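Below is one structure, written out as structure tokens; comments come after it.
Predicted model only: the values in this text are computed from it and were never measured. Heads up: numbering here begins at 1 and tracks the sequence. All ligand and atom numbering here is 1-based and tracks the order in the structure.
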Amino acid sequence: MEKWPVGVFASIDAGLGVKLEVVRDLGIKTIQLHTPHKESRTQEKANEFLKKLADYGITITAVFCGFEGESYASIKITAETVGLVPKATRAERIVETKEIADFAKLLGVAAVGLHIGFVPHDKNDPDYPGIVAMVREICEYLKRNGQRLHLETGQEPADTLLEFIADVGTDNLFINFDPANLILYGIGNPISDLKKVGHKVRSVHCKDGTATKGTPGVDWGREVPFGTGEVGAEQFLRTLKEVGYDGPLTIEREIPEEPERQKAEIGQALKLINDLKAKIWGS
Ligand code: MG
């Protein structure tokens, strides 16, 4: 199998990813799909979508959950609105996560990705056991579907994330490693964290960023095109190889308000990754 097949984060009718036609035009063969709206998650739509993917020669490597009402406007608002941790929406989003997993199954996809939200860094936090139990329940549901859950990195330090995965204790809980998030959230270092959690990484976002000049953990860093920020693209890919990761490299560049620029920057990231692949694997 091809090592590091390049992919891109894509959307059908919801989310910040690029449209399928853009993926096709760029010659990219894998995508992570942002989950479509509820009314599109049907067998009929899945078949329609699979036919289009087959025509374009594109494979879905993961379906990513997204929920109404999520906002990344600031780190504080992200903590309040994103994923399964916020209490006001927790129950309904657990149900929806299972529905999204079932839709992914209709698409033949074995990996479901998710920002669960901010897991308390202190295990003595009264909310911690409930979050562990919730993720265990979801993992057990996915397991019956023959699926894995991939947690998006960014909100937790590497050690907290590894302890959380151990506390959940199922064998289908892994990591979607997003190196830029560690910089954007001001929570870690992409290279040293990857060395720590590499054995749990089953999918990757190629995204880049620069750290905030304000207060880390309070003010956002800035997302920039892959290869132009503080991740260090070559060292990142070399470290992926070192930890034994040879799965998809999925480019994430979320500027849907500027589709032309988005397409151009994804094209540049694609070229950079292909050049680095050749250099690193010597092909
Ligand atoms: Mg990401």
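Summarising the geometry of E156 relative to I187, their closest heavy-atom pair is C-CG1, 3.8 Å, with the distance given to 0.1 Å. Among all heavy-atom pairs drawn from W4 and L237, the shortest one is CH2-O, 3.1 Å.
Remark: E96 engages R41 in a salt bridge, criterion side-chain N to carboxylate O under 4.0 Å. A salt bridge does not link E254 to K207: none of the charged nitrogens lies less than 4.0 Å from a carboxylate oxygen.
Counting only protein N, O or S atoms closer than 2.8 Å to the Mg ion (ligand 1) gives 4.
Exactly one of L107, I31, L114 qualifies for a side chain to side chain contact (heavy atoms under 4.5 Å, CB included) with V63. That residue is L107.
Both V22 and I60 belong to a common hydrophobic cluster when Ile, Leu, Val, Met, Phe, Trp and Tyr are linked at side-chain heavy-atom distances under 4.5 angstrom.
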